[in-house]
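Below is one structure, written out as structure tokens; the observations come after it.
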Amino acid sequence: MLAGGGARRLGGADKPGVRVGGRALLDRVLGACADAGATVVVAGPRPTARPVRWAREDPPGAGPVAALGAGLRRTTADTVVVLSADLPFLAADTVRRLLAALDGQGAEGALLTDADGRDQPLVAAYRTSALRRELAALGEENGGLTGLPLRRLTAGLDLTRVPDPVASFDCDTWDDIATARARIREHGNVLDEWISAVKDELGIDLDVDTGALLDLARDAAHGVARPAAPLTTFLVGYAAGRAGGTPEAVAEAARKATALAIRWADETGEADKTAEKTDGKPDLKPDGKPDGNAPVAAPADGQSDVTPDATPDIRPDAG
């Protein structure tokens, strides 16, 4: 991963550290390649969300080709994924698609193309032997790799291309940063972005069924009380952690809590129906007589206990 450069169009800002969706751009890209056997970042060391190997081009700031050469010296893998550190929408699925395209086509490299069809050589998978071959040739021809553009490197490679206008979006300007920040807050993206940010912040590397947890929160809120939703999901997480913290443990704890919420709601519904049927009438035994345990009001001031709509005694012999 190339995370150096002067970020001139950002006014010299520390671009890999710029936050989008609460996470540094570098950490967002690292999250997309978490399946890698090893991750090499060519830049000055800094705190990151996951462990990496650090490398540095010589001299620092010598350009992307020199940085790529420095990174390759820290790996022995047959296949490498080469990424820039300013890709806010890169996902693990995109990386897998690049690797699948590389293997399926038998090419020396598979790279993304952007919305305008332009090659993006820093969002690509390459065969390491092909990169080493071209780097050696360029170094010998030019007396080194300093200042060489990437197109000089990729021109000698047999490439296949994977169109992806979203994952290939990079942040070169503050307008790009603003666009990325707005996009992740759109309705269709915000929840996944928030969950990813929380997992990074808490150091959690766990894929869970967020749909199941949302269904649980809904059932707890509707069937019990609205504050039950966050408290219940917290308890599910705690129980899953005690059970090993695996996705299966989360799913099982969520299943049990959901079943409980449904039972709770069913009982509440039955109680409401019972109240509607009785409509405030005395609690009757099966034989229709008042329950002897039910409280009965005593007559006041010696008067007979007569309900307001009771009919007066009008027998002929009534005094």
Side-chain angles (χ1 to χ4, degrees), residues 1-36 39 41-52 61 64 67 81-98 111-124 150 162-211 213-214 217 230 233:
M1 187 178 305
L2 309 190
R8 289 184 296 275
R9 284 186 280 178
L10 288 177
D14 175 26
K15 182 161 66 168
V18 172
R19 295 186 178 276
V20 174
R23 293 188 290 161
L25 283 171
L26 175 58
D27 284 337
R28 295 180 70 89
V29 180
L30 287 174
C33 53
D35 294 339
T39 304
V41 179
V42 184
R46 67 173 67 221
T48 55
R50 47 185 291 263
V52 302
V81 177
V82 177
L83 303 168
S84 60
D86 60 353
L87 303 165
F89 305 123
L90 185 69
D93 285 345
T94 307
V95 174
R96 296 185 191 110
R97 283 196 295 126
L98 286 170
L111 50 77
L112 289 193
T113 56
D114 64 16
D116 297 321
R118 292 173 299 196
D119 288 352
Q120 299 297 312
L122 292 183
V123 199
L150 276 170
V162 178
D164 193 327
V166 176
S168 61
F169 180 89
D170 57 359
C171 293
D172 290 326
T173 68
W174 286 113
D175 284 344
D176 294 336
I177 297 292
T179 297
R181 287 172 171 169
R183 180 182 174 84
I184 67 169
R185 285 168 172 77
E186 293 174 355
H187 177 71
N189 303 316
V190 65
L191 184 58
D192 287 340
E193 289 288 348
W194 171 247
I195 294 300
S196 295
V198 171
K199 290 198 296 186
D200 266 9
E201 192 71 16
L202 299 180
I204 299 172
D205 185 14
L206 175 68
D207 289 328
V208 296
D209 186 348
T210 55
L213 292 178
L214 288 174
T233 51

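Quantities reported herein were computed from a predicted structural model and do not represent experimental measurements. Numbering starts at 1 and runs along the sequence shown. Note that these values count all heavy atoms, side chains included, but never hydrogens, waters or copies made by symmetry.
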From [atom1] ([X]) to [atom2] ([Y]), nearest 0.5 Å:
X: Phe89; Y: Arg183; atom1: CZ; atom2: CZ; value: 5.5 Å
X: Leu98; Y: Leu112; atom1: CG; atom2: CG; value: 4.5 Å
X: Phe169; Y: Leu90; atom1: CZ; atom2: CG; value: 13.5 Å

Flag side-chain contact, heavy atom, 4.5 Å: [X] against [Y]:
X: Thr113; Y: Pro163; value: yes
X: Glu193; Y: Arg23; value: yes
X: Leu191; Y: Leu214; value: yes
X: Val29; Y: Met1; value: yes
X: Ser168; Y: Arg118; value: no

### Val81/Cys33 under side chain to side chain contact (heavy atoms under 4.5 Å, CB included): CA gap, chis, key distance, verdict
CA-CA 8 Å; Val81 177; Cys33 53; 5.7 Å; no
### Query
Does any N or O in the side chain of Arg28 come within less than 3.5 Å of the main-chain N or O of Pro88, such that one atom is a donor and the other an acceptor?
yes
### Task
Using modelled atom types only, decide if a donor and an acceptor are shared between the side chain of Asp164 and the backbone of Val166 within a distance under 3.5 Å.
yes
Looking at every heavy atom in both [X] and [Y], which two are closest together, and how far apart are they?
X: Pro121; Y: Leu150; value: CG-CD1, 4.0 Å
X: Val42; Y: Ala67; value: CG2-O, 3.4 Å
X: Leu25; Y: Ala85; value: CB-O, 3.4 Å
X: Ala124; Y: Leu83; value: N-CD2, 4.4 Å
X: Ala167; Y: Leu87; value: O-CD2, 4.0 Å
X: Val41; Y: Ala3; value: CG1-CB, 3.8 Å

### Message
Using the rule given for side chain to side chain contact (heavy atoms under 4.5 Å, CB included), can you reason through Leu111 versus Val123, listing the C-alpha separation, both sets of side-chain angles and the distance that settles it, and then say yes or no?
### Response
CA-CA 6 Å; Leu111 50 77; Val123 199; over 6 Å; no
### Task
Could you please spell out the steps behind the side chain to side chain contact (heavy atoms under 4.5 Å, CB included) verdict for Arg97 and Asp93?
CA-CA 6 Å; Arg97 283 196 295 126; Asp93 285 345; 5.6 Å; no
### Query
Pick from Asp172, Asp176, Asp170, Asp86: which one makes a salt bridge (Lys or Arg N to Asp or Glu O under 4.0 Å) with Arg9?
Asp172
### Task
Apply side chain to side chain contact (heavy atoms under 4.5 Å, CB included) to Arg181 and Val18, showing your working.
CA-CA 11 Å; Arg181 287 172 171 169; Val18 172; 3.8 Å; yes
#### Entry: Under 3.5 Å side-chain donor-acceptor pair for Thr39 and Arg50
yes
### Under the side-chain contact (heavy atoms from CB on, under 4.5 Å) test, residues paired with Ala49 that sit two or more places apart
Asp27, Asp200
